[in-house]
Every structure is written in C-alpha cells, then in structure tokens.
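Let me begin by presenting the structure, written as structure tokens, before commenting on it.
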Amino acid sequence: MAGFMKSLRSLVISVVFGLFLSSCYMPLRFDAEIEFYRDGRYSMIFDGYVAKVPFYDGLRTGKIKAADEAEQVEIYRADLSNDPAMSEVRYFKQGIYKVHWERKGDILRSKFVTFIRRNENMLSLRYVKSKGTVQLAGANATREQRQQLRDIGLDMIGEIRVITDAKVAGHTATEVRDWPEKGPDFQMYIWKIPNIFTPSPNMVIQLH
C-alpha cells in the first residue's frame, strides 16, 4: 500500500507539472521595479528574459524540430506582443524571449495588475478594498514544480525593487533602504532572487 500511495503521489505531481508545463512563461534573468504611492498610483516595470516552457522543452527534447522553430517563435512572439504594455519582444534562443514590459495606473481603480497576465502571474499588485491593503505577490509554484523546472535546465536569477512612501504592514524583502531621491518618506524594498528555489516575494501595504 505504501508503494502504491508513493506511485500515486508521483503520478499526481507529474500530471500537475504537466499542466503547469503546458502553458506557462517563466522569468529567467530579470530586473523588476515598482514605484507605489500612498494615494494608489503605481508604475511597474519588468525587463529581462522569459522562457515559454513548453517551447523550450520541446526544443530540448527534440519534439519540436529545428525546421518548425521559426513558426513557433512567431506564435509566441505574437502572444506576448498582444499585451500593449510590452514595448519589446525579441527572440533570443531555445524558446527564450527578451522582453520589456511597463504599466502605470491607479490600483484603486484597476484593483489588480499582473505581469504577464492573470493566468500566468509572475508578479502582481492586488487591492483588497475590505482591508484597505495592497498586496505584492510573486508566482506561486510548488517546490516540486520548481525542482522539475530546474531538472530540465531552467533557473531564475534577478532582483525586484519596490519604492514607496506608503505604510508597509509586512514584507519579506532581503534589504530595505531609505530612498531620499524620491522624497523624505520613501523607502526601497529589495528582493534578491539567486535561484529558482528562492521564496516568492510578498509585501502588504496599508492604505487606510
């Protein structure tokens, strides 16, 4: 029975990962910066490299032939470029794209903003009106998913910065600095991401 349960658990993990693998983009090397003001205004920038995981894995395993690569390149380039916040989408190699994404707005109106999109959430800001808070959150992949991504040769390294004059109720930043360049009340919160197993960033901003 123990062996059966272990096999069943492995099967469930494989199925879940298969679904995860079939759709996701993954940040590889990146620099992300968010400016957030206490009145709800924000700007959010992501600059770096992302992999379309099934495209990368198809090329890695030979399921996608070199002759078909150009067609796949254009399919995913068009998919990424559909977002008007993308000012650069350039194919690098092996299912990997260089992108620059930037969005500005008022979180009190939009309620939720995410890079890249809701169903492929790498980094997001969410306004919870009932609590008067804004939450910053990163991708929510399990350790098993992260390990399997590492096993196929993908990893993650980067830095996320939040510059704000709002009241921060909690955070997991690895470093906090005063940031007088923006004003006397501003601080910069920094998350260093050395590898794929680094815990996802989290921050809660109290607006009222």
Side-chain angles (χ1 to χ4, degrees), residues 1-34 44 46-64 72 76 79-80 83 92 94-97 99 101 111-128 131 133-162 168-175 189-205:
M1 178 62 74
F4 172 75
M5 292 304 295
K6 183 177 180 180
S7 297
L8 181 60
R9 185 176 67 177
S10 297
L11 176 61
V12 170
I13 289 171
S14 296
V15 170
V16 170
F17 181 69
L19 294 171
F20 179 73
L21 182 75
S22 68
S23 63
C24 75
Y25 289 98
M26 173 186 167
L28 302 178
R29 300 182 68 89
F30 64 90
D31 189 77
E33 185 167 291
I34 297 170
M44 191 170 173
F46 179 99
D47 189 81
Y49 294 84
V50 299
K52 181 65 176 180
V53 177
F55 185 16
Y56 164 87
D57 196 49
L59 291 169
R60 181 186 70 90
T61 59
K63 293 178 181 178
I64 298 175
Q72 296 292 306
Y76 296 119
D79 180 50
L80 288 166
D83 186 340
F92 178 58
Q94 195 71 20
I96 299 167
Y97 293 81
V99 303
W101 179 95
K111 312 299 187 204
F112 183 64
V113 58
T114 180
F115 172 80
I116 297 177
R117 52 180 73 107
R118 283 178 179 264
N119 65 336
E120 292 183 306
N121 180 9
M122 298 183 195
L123 188 64
S124 66
L125 289 173
R126 183 188 299 274
Y127 174 50
V128 183
K131 297 181 179 180
T133 61
V134 173
Q135 182 172 16
L136 165 76
N140 188 26
T142 67
R143 184 169 181 84
E144 289 83 1
Q145 289 169 336
R146 294 172 193 245
Q147 183 61 59
Q148 292 189 62
L149 288 166
R150 169 70 75 82
D151 289 345
I152 66 173
L154 294 173
D155 207 346
M156 184 187 305
I157 183 169
E159 183 174 293
I160 300 168
R161 299 179 299 278
V162 175
V168 174
H171 68 87
T172 58
T174 53
E175 183 180 351
Y189 297 79
I190 303 169
W191 287 259
K192 302 280 189 181
I193 314 292
N195 60 60
I196 197 170
F197 297 108
T198 307
S200 296
N202 195 278
M203 170 183 270
V204 177
I205 296 171

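Note: Tyr49 OH to Ile157 CD1 = 13.5 Å, rounded to the nearest 0.5 Å. Atoms OG1 and CZ, from Thr198 and Arg146 in turn, are 8.0 Å apart once rounded to the nearest 0.5 Å. Between Lys111 atom NZ and Arg126 atom CZ the span is 12.5 Å, to the nearest 0.5 Å. Here CD1 of Ile160 is found 11.5 Å from NZ of Lys192. Values are rounded to the nearest 0.5 Å. Note that OH of Tyr189 and OG1 of Thr174 are 13.0 Å apart. Values are rounded to the nearest 0.5 Å. Here the CD1 atom belonging to Ile64 is positioned 5.5 Å from the CZ atom belonging to Phe55, to the nearest 0.5 angstrom.
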Test side chain to side chain contact (heavy atoms under 4.5 Å, CB included) applied to Asn195 and Met156, step by step = CA-CA 5 Å; Asn195 60 60; Met156 184 187 305; over 6 Å; no

Step by step, work out the side chain to side chain contact (heavy atoms under 4.5 Å, CB included) result for Val204 and His171.
-> CA-CA 6 Å; Val204 177; His171 68 87; over 6 Å; no

Go through Phe197 and Arg150 one step at a time and tell me if the side chain to side chain contact (heavy atoms under 4.5 Å, CB included) criterion holds.
-> CA-CA 9 Å; Phe197 297 108; Arg150 169 70 75 82; 3.7 Å; yes

Stepwise side chain to side chain contact (heavy atoms under 4.5 Å, CB included) test for Ser124 and Phe115 | CA-CA 6 Å; Ser124 66; Phe115 172 80; over 6 Å; no

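The shortest heavy-atom contact between Ala137 and Asn202 is CB-ND2, 4.5 Å. Contact between Cys24 and Pro54 at its shortest, heavy atoms only, is O-CD, 3.8 Å. Across all their heavy atoms, Tyr127 and Thr133 have their closest contact at CD1-O, 3.3 Å. Scanning all heavy atoms of the two residues, the minimum distance from Ile152 to Tyr56 falls at O-OH, 2.7 Å. Residues Ala51 and Leu154 come closest through the heavy atom pair CB-CD2, 4.3 Å.
Panel note: side chain Gln148, backbone Gln145; no donor-acceptor pair is recorded below 3.5 Å. Listed for the Ser200 side chain is no donor-acceptor partner under 3.5 Å among the backbone atoms of Asn140.
Using a 4.5 Å heavy-atom cutoff, the side chains of Met44 and Leu123 are in contact. The shortest distance between side-chain heavy atoms of Met26 and Leu149 falls below 4.5 Å. For the pair Phe30/Glu159, no side-chain contact is recorded, criterion being any heavy-atom separation below 4.5 Å from C-beta on. By the 4.5 Å heavy-atom criterion applied to side chains, Leu80 and Tyr97 are counted as neighbours. Considering only heavy atoms from C-beta on, Val168 comes within 4.5 Å of Met203 through its side chain. In this structure the side chain of Leu28 never reaches within 4.5 angstrom of the side chain of Asp155, judged on heavy atoms. Annotation: side chain of Gln72 is not in contact with side chain of Leu59 (no heavy-atom distance under 4.5 Å). The side-chain heavy atoms of Leu136 and Ile34, taken from C-beta on, include a pair separated by under 4.5 Å.
Salt-bridge annotation for Asp31 and Arg161: present, with a side-chain N of the basic residue lying under 4.0 Å from a carboxylate O of the acidic one.
The number of heavy-atom neighbours closer than 6.0 Å to NZ of Lys131, taken from other residues, nucleotides and ligands shown, is 12 or below.
Taking the six-membered ring for Trp, Trp101 and Phe46 have ring centres at least 6.0 Å apart.
In this view, Asp151 and Gln147 satisfy the side-chain hydrogen bond (donor to acceptor under 3.5 Å, both in side chains) rule, not counting sequence neighbours. For Arg117, the salt bridge (charged side-chain N to carboxylate O under 4.0 Å, His left out) test picks out Asp79, Glu120, with sequence neighbours left out.
Within the cation-pi definition used here (under 6.0 Å to the ring centroid, within 45° of the axis), Lys52 qualifies as a partner of Tyr25.
There is a side-chain donor-acceptor pair under 3.5 Å between Thr114 and Asn121.
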